[in-house]
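First the structure, in the form of C-alpha coordinates, and then the observations on it.
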Amino acid sequence: MASETGAIVVRVFPAAPEGGNPAPIMLEASEMTAADIQDVARRYGHKSGFVVAKDPGSDADFRFRYFVPNHEMEMCGHATIGALWLLREAGRIENPEVGIDTLSGRIDAVVPASGPIAVSQPAGVVEPLSSAQTALVCGVLGIAFEDLSEPDAVNARTSRTKTLLPLKSADRLHTLAPRFDAIERICEEIGSTGLYPFAPGMGERVVHARQFPKSSGYPEDAATGIAASALAFGLLHWERAAATDTVTVRQGEAMGRASEISIRFRSGETGVDGCWIVGTCAVDG
(Lines give C-alpha, C1' and ligand atoms only; values in the text may rest on other atoms or scores of the structure.)
Protein backbone atom coordinates (compact mmCIF):
# COMPACT_ATOMS: atom_id res chain seq x y z
CA MET A 1 0.00 0.00 0.00
CA ALA A 2 1.34 3.45 -0.92
CA SER A 3 2.23 5.80 1.93
CA GLU A 4 1.49 9.52 2.05
CA THR A 5 4.75 10.08 0.14
CA GLY A 6 3.56 7.80 -2.66
CA ALA A 7 6.20 5.21 -1.82
CA ILE A 8 5.51 1.51 -1.33
CA VAL A 9 7.96 -0.30 0.91
CA VAL A 10 8.86 -3.81 -0.19
CA ARG A 11 11.22 -6.30 1.46
CA VAL A 12 13.55 -7.72 -1.16
CA PHE A 13 15.25 -11.14 -0.91
CA PRO A 14 13.26 -12.21 2.20
CA ALA A 15 14.28 -15.56 3.70
CA ALA A 16 12.07 -15.25 6.81
CA PRO A 17 8.77 -13.53 7.71
CA GLU A 18 10.65 -10.40 8.83
CA GLY A 19 13.55 -10.88 6.43
CA GLY A 20 14.74 -9.03 3.38
CA ASN A 21 16.01 -5.51 2.79
CA PRO A 22 13.31 -2.81 2.99
CA ALA A 23 13.19 -0.66 -0.14
CA PRO A 24 10.82 2.29 -0.55
CA ILE A 25 9.76 2.39 -4.21
CA MET A 26 7.97 5.17 -6.08
CA LEU A 27 6.48 4.15 -9.42
CA GLU A 28 5.53 7.72 -10.40
CA ALA A 29 8.54 9.97 -9.74
CA SER A 30 8.94 11.72 -13.11
CA GLU A 31 7.74 15.09 -11.81
CA MET A 32 9.88 15.02 -8.67
CA THR A 33 13.06 17.05 -8.33
CA ALA A 34 16.28 15.44 -7.14
CA ALA A 35 15.81 17.22 -3.82
CA ASP A 36 12.30 15.77 -3.45
CA ILE A 37 13.60 12.29 -4.19
CA GLN A 38 16.47 12.71 -1.74
CA ASP A 39 14.01 13.73 0.96
CA VAL A 40 12.07 10.47 0.49
CA ALA A 41 15.23 8.40 0.96
CA ARG A 42 16.17 10.40 4.08
CA ARG A 43 12.69 9.99 5.53
CA TYR A 44 12.76 6.21 5.22
CA GLY A 45 16.46 5.69 5.95
CA HIS A 46 16.88 2.97 3.31
CA LYS A 47 18.07 2.59 -0.26
CA SER A 48 15.13 3.76 -2.34
CA GLY A 49 14.12 3.28 -5.98
CA PHE A 50 12.29 5.70 -8.27
CA VAL A 51 10.73 5.13 -11.69
CA VAL A 52 11.27 8.31 -13.71
CA ALA A 53 10.73 9.47 -17.30
CA LYS A 54 12.99 7.93 -19.93
CA ASP A 55 15.48 10.09 -21.79
CA PRO A 56 14.40 11.08 -25.33
CA GLY A 57 15.52 8.48 -27.83
CA SER A 58 16.06 5.71 -25.29
CA ASP A 59 14.90 2.26 -26.34
CA ALA A 60 14.71 1.04 -22.74
CA ASP A 61 11.40 0.14 -21.16
CA PHE A 62 12.04 2.13 -17.97
CA ARG A 63 14.49 4.47 -16.30
CA PHE A 64 15.25 4.08 -12.59
CA ARG A 65 17.04 6.33 -10.11
CA TYR A 66 18.36 5.20 -6.73
CA PHE A 67 19.04 7.14 -3.55
CA VAL A 68 20.31 6.41 -0.05
CA PRO A 69 19.85 8.97 2.74
CA ASN A 70 23.21 10.61 1.96
CA HIS A 71 23.47 10.60 -1.85
CA GLU A 72 22.33 9.25 -5.23
CA MET A 73 23.60 5.84 -6.34
CA GLU A 74 24.40 4.60 -9.84
CA MET A 75 22.69 1.23 -9.37
CA CYS A 76 20.94 -0.79 -6.67
CA GLY A 77 20.12 -4.46 -7.18
CA HIS A 78 17.43 -4.90 -4.56
CA ALA A 79 15.64 -1.63 -5.37
CA THR A 80 15.61 -2.68 -9.05
CA ILE A 81 13.99 -6.00 -8.21
CA GLY A 82 11.55 -4.22 -5.89
CA ALA A 83 10.53 -1.72 -8.56
CA LEU A 84 10.10 -4.43 -11.19
CA TRP A 85 8.05 -6.54 -8.80
CA LEU A 86 5.68 -3.62 -8.15
CA LEU A 87 5.49 -2.76 -11.86
CA ARG A 88 4.51 -6.38 -12.52
CA GLU A 89 1.84 -6.20 -9.81
CA ALA A 90 0.53 -2.99 -11.43
CA GLY A 91 0.28 -4.69 -14.84
CA ARG A 92 2.95 -2.49 -16.40
CA ILE A 93 5.31 -5.24 -17.61
CA GLU A 94 4.36 -6.03 -21.20
CA ASN A 95 7.27 -8.33 -22.06
CA PRO A 96 9.29 -10.54 -19.69
CA GLU A 97 12.55 -9.19 -21.15
CA VAL A 98 12.92 -5.67 -19.78
CA GLY A 99 15.53 -2.99 -20.45
CA ILE A 100 16.26 -0.35 -17.80
CA ASP A 101 18.33 2.84 -18.02
CA THR A 102 20.34 3.66 -14.87
CA LEU A 103 23.24 5.97 -14.04
CA SER A 104 25.53 2.93 -14.34
CA GLY A 105 24.24 2.25 -17.87
CA ARG A 106 21.68 -0.03 -19.45
CA ILE A 107 20.76 -3.17 -17.51
CA ASP A 108 18.53 -6.05 -18.51
CA ALA A 109 15.99 -7.95 -16.47
CA VAL A 110 13.84 -11.03 -16.84
CA VAL A 111 10.41 -10.57 -15.26
CA PRO A 112 8.24 -13.69 -15.58
CA ALA A 113 4.51 -13.59 -14.92
CA SER A 114 5.19 -14.77 -11.36
CA GLY A 115 8.09 -15.85 -9.21
CA PRO A 116 11.67 -14.57 -8.86
CA ILE A 117 12.99 -11.68 -10.97
CA ALA A 118 16.50 -11.62 -12.46
CA VAL A 119 18.59 -8.47 -13.02
CA SER A 120 21.78 -8.42 -15.08
CA GLN A 121 25.25 -7.35 -14.07
CA PRO A 122 28.42 -7.16 -16.19
CA ALA A 123 31.46 -9.38 -15.70
CA GLY A 124 33.18 -8.76 -12.40
CA VAL A 125 36.64 -7.28 -11.91
CA VAL A 126 38.69 -8.56 -8.96
CA GLU A 127 41.78 -6.77 -7.64
CA PRO A 128 43.73 -8.17 -4.65
CA LEU A 129 44.57 -5.75 -1.85
CA SER A 130 48.05 -5.54 -0.39
CA SER A 131 48.83 -7.07 2.99
CA ALA A 132 48.95 -3.56 4.46
CA GLN A 133 45.50 -2.72 3.07
CA THR A 134 44.11 -6.03 4.29
CA ALA A 135 45.46 -5.22 7.75
CA LEU A 136 43.60 -1.90 7.70
CA VAL A 137 40.33 -3.65 6.86
CA CYS A 138 40.91 -6.27 9.54
CA GLY A 139 41.56 -3.50 12.04
CA VAL A 140 38.32 -1.66 11.37
CA LEU A 141 36.36 -4.93 11.58
CA GLY A 142 38.17 -6.05 14.75
CA ILE A 143 39.49 -9.33 13.38
CA ALA A 144 42.90 -10.99 13.21
CA PHE A 145 44.72 -12.45 10.20
CA GLU A 146 44.11 -15.86 11.80
CA ASP A 147 40.37 -15.36 11.19
CA LEU A 148 40.93 -15.22 7.42
CA SER A 149 40.62 -18.18 5.07
CA GLU A 150 42.68 -16.46 2.34
CA PRO A 151 45.91 -14.44 2.73
CA ASP A 152 44.46 -11.12 1.54
CA ALA A 153 41.20 -9.30 0.93
CA VAL A 154 40.17 -8.23 -2.58
CA ASN A 155 38.24 -5.38 -4.13
CA ALA A 156 35.62 -6.74 -6.54
CA ARG A 157 33.02 -4.96 -8.62
CA THR A 158 30.26 -5.38 -11.13
CA SER A 159 28.56 -1.96 -10.67
CA ARG A 160 30.30 -0.76 -7.48
CA THR A 161 33.50 -1.80 -5.74
CA LYS A 162 33.09 -3.89 -2.61
CA THR A 163 35.89 -5.18 -0.37
CA LEU A 164 35.59 -8.93 0.16
CA LEU A 165 37.10 -10.37 3.30
CA PRO A 166 36.94 -14.19 3.51
CA LEU A 167 36.49 -15.47 7.07
CA LYS A 168 36.81 -19.05 8.25
CA SER A 169 33.72 -19.04 10.47
CA ALA A 170 30.15 -17.83 10.10
CA ASP A 171 30.00 -17.56 13.90
CA ARG A 172 32.88 -15.06 13.77
CA LEU A 173 31.16 -13.18 10.97
CA HIS A 174 27.95 -12.75 12.95
CA THR A 175 29.76 -11.43 16.05
CA LEU A 176 31.72 -8.70 14.23
CA ALA A 177 31.64 -5.32 15.95
CA PRO A 178 33.11 -2.88 13.41
CA ARG A 179 34.47 0.56 14.18
CA PHE A 180 31.73 2.28 12.23
CA ASP A 181 33.34 5.70 12.66
CA ALA A 182 36.38 4.49 10.67
CA ILE A 183 34.65 2.67 7.79
CA GLU A 184 34.26 5.70 5.50
CA ARG A 185 37.92 6.68 5.89
CA ILE A 186 39.19 3.14 5.25
CA CYS A 187 36.91 2.73 2.22
CA GLU A 188 38.22 6.01 0.79
CA GLU A 189 41.79 4.82 1.29
CA ILE A 190 41.29 1.48 -0.48
CA GLY A 191 38.86 2.68 -3.17
CA SER A 192 35.77 0.83 -1.97
CA THR A 193 32.09 1.60 -1.39
CA GLY A 194 31.63 -0.96 1.38
CA LEU A 195 33.16 -3.80 3.36
CA TYR A 196 31.67 -7.24 2.65
CA PRO A 197 33.09 -9.94 4.96
CA PHE A 198 31.78 -13.44 4.31
CA ALA A 199 32.13 -17.03 5.49
CA PRO A 200 31.15 -20.46 4.17
CA GLY A 201 27.70 -21.83 4.93
CA MET A 202 26.08 -25.24 4.91
CA GLY A 203 25.84 -26.74 1.45
CA GLU A 204 27.74 -26.16 -1.75
CA ARG A 205 28.17 -22.58 -2.94
CA VAL A 206 26.34 -21.16 0.06
CA VAL A 207 27.98 -18.27 1.88
CA HIS A 208 26.99 -15.93 4.70
CA ALA A 209 27.86 -12.25 4.35
CA ARG A 210 27.46 -8.84 5.96
CA GLN A 211 27.59 -5.44 4.25
CA PHE A 212 28.97 -2.35 6.00
CA PRO A 213 28.54 0.55 3.54
CA LYS A 214 30.96 3.42 3.17
CA SER A 215 28.63 6.39 3.60
CA SER A 216 25.01 5.51 2.97
CA GLY A 217 23.60 7.00 6.17
CA TYR A 218 23.05 3.69 8.00
CA PRO A 219 25.54 1.12 9.39
CA GLU A 220 24.55 -2.17 7.73
CA ASP A 221 22.50 -3.63 4.86
CA ALA A 222 20.19 -6.62 5.23
CA ALA A 223 20.68 -7.66 1.59
CA THR A 224 22.89 -6.21 -1.12
CA GLY A 225 22.56 -7.60 -4.63
CA ILE A 226 25.47 -5.61 -6.08
CA ALA A 227 27.79 -6.78 -3.29
CA ALA A 228 26.57 -10.37 -3.71
CA SER A 229 27.37 -10.26 -7.44
CA ALA A 230 30.85 -8.92 -6.65
CA LEU A 231 31.25 -11.74 -4.11
CA ALA A 232 30.34 -14.35 -6.74
CA PHE A 233 33.22 -13.15 -8.91
CA GLY A 234 35.47 -13.16 -5.86
CA LEU A 235 34.58 -16.83 -5.38
CA LEU A 236 35.54 -17.46 -9.01
CA HIS A 237 38.86 -15.69 -8.35
CA TRP A 238 39.58 -17.94 -5.37
CA GLU A 239 38.37 -21.02 -7.30
CA ARG A 240 35.59 -21.57 -4.78
CA ALA A 241 32.93 -21.48 -7.51
CA ALA A 242 32.65 -22.48 -11.17
CA ALA A 243 30.93 -20.79 -14.10
CA THR A 244 28.11 -23.34 -14.02
CA ASP A 245 27.30 -22.73 -10.35
CA THR A 246 24.55 -20.75 -8.67
CA VAL A 247 25.91 -18.93 -5.62
CA THR A 248 23.55 -18.43 -2.68
CA VAL A 249 24.36 -15.52 -0.38
CA ARG A 250 22.67 -15.33 3.00
CA GLN A 251 22.74 -11.86 4.55
CA GLY A 252 20.96 -9.87 7.25
CA GLU A 253 20.98 -12.69 9.80
CA ALA A 254 22.87 -10.66 12.42
CA MET A 255 20.24 -7.91 12.01
CA GLY A 256 17.23 -10.20 12.43
CA ARG A 257 16.36 -9.67 8.74
CA ALA A 258 17.39 -12.95 7.15
CA SER A 259 17.80 -12.59 3.40
CA GLU A 260 18.80 -14.85 0.52
CA ILE A 261 20.27 -13.70 -2.79
CA SER A 262 20.94 -16.01 -5.73
CA ILE A 263 23.67 -15.21 -8.25
CA ARG A 264 23.76 -17.10 -11.56
CA PHE A 265 26.75 -16.66 -13.85
CA ARG A 266 26.13 -15.79 -17.47
CA SER A 267 28.53 -17.22 -20.04
CA GLY A 268 29.31 -16.30 -23.64
CA GLU A 269 31.76 -17.46 -26.27
CA THR A 270 34.76 -16.22 -24.29
CA GLY A 271 33.66 -17.46 -20.88
CA VAL A 272 31.79 -15.76 -18.05
CA ASP A 273 30.61 -12.37 -19.27
CA GLY A 274 28.29 -11.37 -16.43
CA CYS A 275 25.74 -12.65 -13.95
CA TRP A 276 22.11 -12.47 -12.90
CA ILE A 277 20.97 -11.25 -9.47
CA VAL A 278 17.85 -13.26 -8.68
CA GLY A 279 15.28 -12.71 -5.95
CA THR A 280 11.72 -11.97 -4.96
CA CYS A 281 9.82 -9.55 -2.70
CA ALA A 282 7.12 -9.12 -0.11
CA VAL A 283 5.21 -5.95 0.77
CA ASP A 284 6.46 -4.60 4.10
CA GLY A 285 3.92 -4.64 6.89
Side-chain angles (χ1 to χ4, degrees), residues 8-25 44-49 66 68 75-86 88-89 109-112 114-121 158 162 164-167 169-176 178 194-213 216 218-235 240-241 245-265 275-285:
I8 302 173
V9 180
V10 294
R11 291 182 289 107
V12 190
F13 306 119
E18 299 301 320
N21 201 355
I25 305 295
Y44 285 97
H46 297 296
K47 292 177 184 173
S48 305
Y66 312 95
V68 292
M75 167 61 186
C76 176
H78 79 276
T80 299
I81 289 176
L84 290 169
W85 190 83
L86 289 173
R88 181 174 67 186
E89 292 292 299
V110 178
V111 186
S114 62
I117 291 168
V119 172
S120 71
Q121 281 292 278
T158 55
K162 300 297 178 182
L164 312 180
L165 201 72
L167 305 183
S169 163
D171 289 340
R172 185 70 186 92
L173 173 75
H174 291 143
T175 58
L176 290 177
L195 307 182
Y196 204 57
F198 70 95
M202 298 293 291
E204 290 190 19
R205 312 300 180 248
V206 177
V207 293
H208 300 269
R210 297 178 70 180
Q211 148 87 348
F212 305 113
S216 294
Y218 48 81
E220 185 170 356
D221 271 302
T224 324
I226 298 303
S229 63
L231 173 54
F233 283 95
L235 296 177
R240 296 186 179 193
D245 290 332
T246 294
V247 175
T248 299
V249 181
R250 302 189 190 281
Q251 195 178 325
E253 294 156 312
M255 305 171 64
R257 283 194 169 275
S259 305
E260 184 171 295
I261 307 162
S262 293
I263 305 295
R264 296 200 306 256
F265 294 110
C275 68
W276 296 99
I277 304 169
V278 183
T280 188
C281 300
V283 175
D284 199 32

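The structure presented is a predicted model; accordingly, all values stated were derived computationally and were not measured.
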query: Looking at SG of Cys76 and NZ of Lys47, how far apart are the two atoms once the value is rounded to the nearest 0.5 Å?
result: 5.0 Å
field: Reported CH2-to-OG1 distance for the pair Trp85 and Thr80, which is rounded to 0.5 angstrom
entry: 15.5 Å
task: Hey, could you give me the CD/CE distance between Glu18 and Met255, rounded to the nearest 0.5 Å?
output: 13.0 Å
- request: Of all the heavy-atom pairs spanning Pro200 and Ala170, show the shortest one and how long it is.
  value: O-CB, 4.1 Å
Quiz: residues 223-231 side-chain donor-acceptor pairs under 3.5 angstrom, not counting sequence neighbours:
| residue | atom | partner | partner atom | Å |
| --- | --- | --- | --- | --- |
| Thr224 | OG1 | Gln251 | NE2 | 2.8 |
| Ser229 | OG | Thr158 | OG1 | 2.8 |
| Ser229 | OG | Gly225 | O | 3.4 |
| Ser229 | OG | Ile226 | O | 2.7 |

- request: Check the pair Val249, Tyr196 against side-chain contact (heavy atoms from CB on, under 4.5 Å), reporting the backbone distance first and the verdict last.
  value: CA-CA 11 Å; Val249 181; Tyr196 204 57; 3.4 Å; yes
query: Shortest non-hydrogen contact from Pro219 to Pro213?
result: O-CD, 3.3 Å
message: Closer than 3.5 angstrom, by distance alone: can the side chain of Ser216 be matched with the main-chain N or O of Tyr218 as a donor-acceptor pair?
response: no
- prompt: If you look at every heavy atom in Cys281 and Gly82, which pair is closest and at what distance?
  reply: SG-CA, 3.7 Å
Residues which pass ring pair (Phe, Tyr, Trp, His ring centres under 6.0 Å) with Phe198, listed by chain and number, not counting sequence neighbours: Trp238
task: Taking the side chain as every heavy atom from C-beta outward, state whether Ile277 and Ile263 have any atom pair closer than 4.5 Å.
output: yes
- request: Kindly write out the residues that satisfy ring pair (Phe, Tyr, Trp, His ring centres under 6.0 Å) with His46, not counting sequence neighbours, or none if the list is empty.
  value: none
- prompt: Taking all non-hydrogen atoms of both residues, which atom of Ala79 and which atom of Ser48 are closest, and how far apart?
  reply: CB-C, 4.3 Å
query: Would the number of heavy atoms belonging to other residues, nucleotides or ligands and lying under 6.0 Å from CZ of Arg264 be above 12?
result: no
- request: For Met75 and Val119, run side-chain contact (heavy atoms from CB on, under 4.5 Å): C-alpha distance rounded to whole Å, both residues' side-chain angles, the deciding distance at 0.1 Å, then the answer.
  value: CA-CA 11 Å; Met75 167 61 186; Val119 172; 3.9 Å; yes
field: Separation between CZ of Arg240 and CG of Asp245, rounded to the nearest 0.5 Å
entry: 13.5 Å
task: Give a yes or no on this: more than 12 heavy atoms of other residues, nucleotides or ligands lie within 6.0 Å of atom CD of Glu89.
output: yes
Residues in side chain to side chain donor-acceptor pair (under 3.5 Å) contact with Arg257, at least two apart in sequence or another chain: none
message: If I take atom NE2 from residue His208 and atom CZ from residue Arg250, how far apart are they, to the nearest 0.5 angstrom?
response: 6.5 Å
statement: Residues at least two apart in sequence or cross-chain that pass side-chain contact (heavy atoms from CB on, under 4.5 Å) with Ala258, listed by chain then number, are Ala15, Ala16, Glu253
message: Looking at every heavy atom in both Trp276 and Ala109, which two are closest together, and how far apart are they?
response: CZ3-CA, 4.2 Å
message: Using every non-hydrogen atom in the two residues, find where Pro178 and Phe212 come nearest and quote the distance to one decimal.
response: CG-CZ, 3.6 Å
query: Ignoring hydrogens and geometry, is there a side-chain-to-backbone donor-acceptor pair from Ser259 to Gly20 under 3.5 Å?
result: yes
task: Check side-chain contact (heavy atoms from CB on, under 4.5 Å) between Ala23 and all other residues, then give those that pass, not counting sequence neighbours.
output: Val10, Val12, Ile25, His78
message: Show, in sequence, the C-alpha distance, side-chain angles and deciding distance for Leu176 and Leu167, and conclude whether the side-chain contact (heavy atoms from CB on, under 4.5 Å) test is met.
response: CA-CA 11 Å; Leu176 290 177; Leu167 305 183; 4.3 Å; yes
- prompt: Do the ring centers of Phe265 and Phe233 come within less than 6.0 Å of each other?
  reply: yes
Stepwise side-chain contact (heavy atoms from CB on, under 4.5 Å) test for Asn21 and Phe13: CA-CA 7 Å; Asn21 201 355; Phe13 306 119; 5.6 Å; no
message: Taking Asp221 first and then Arg210, would you say they form a salt bridge - that is, a charged N and a carboxylate O separated by under 4.0 Å?
response: no
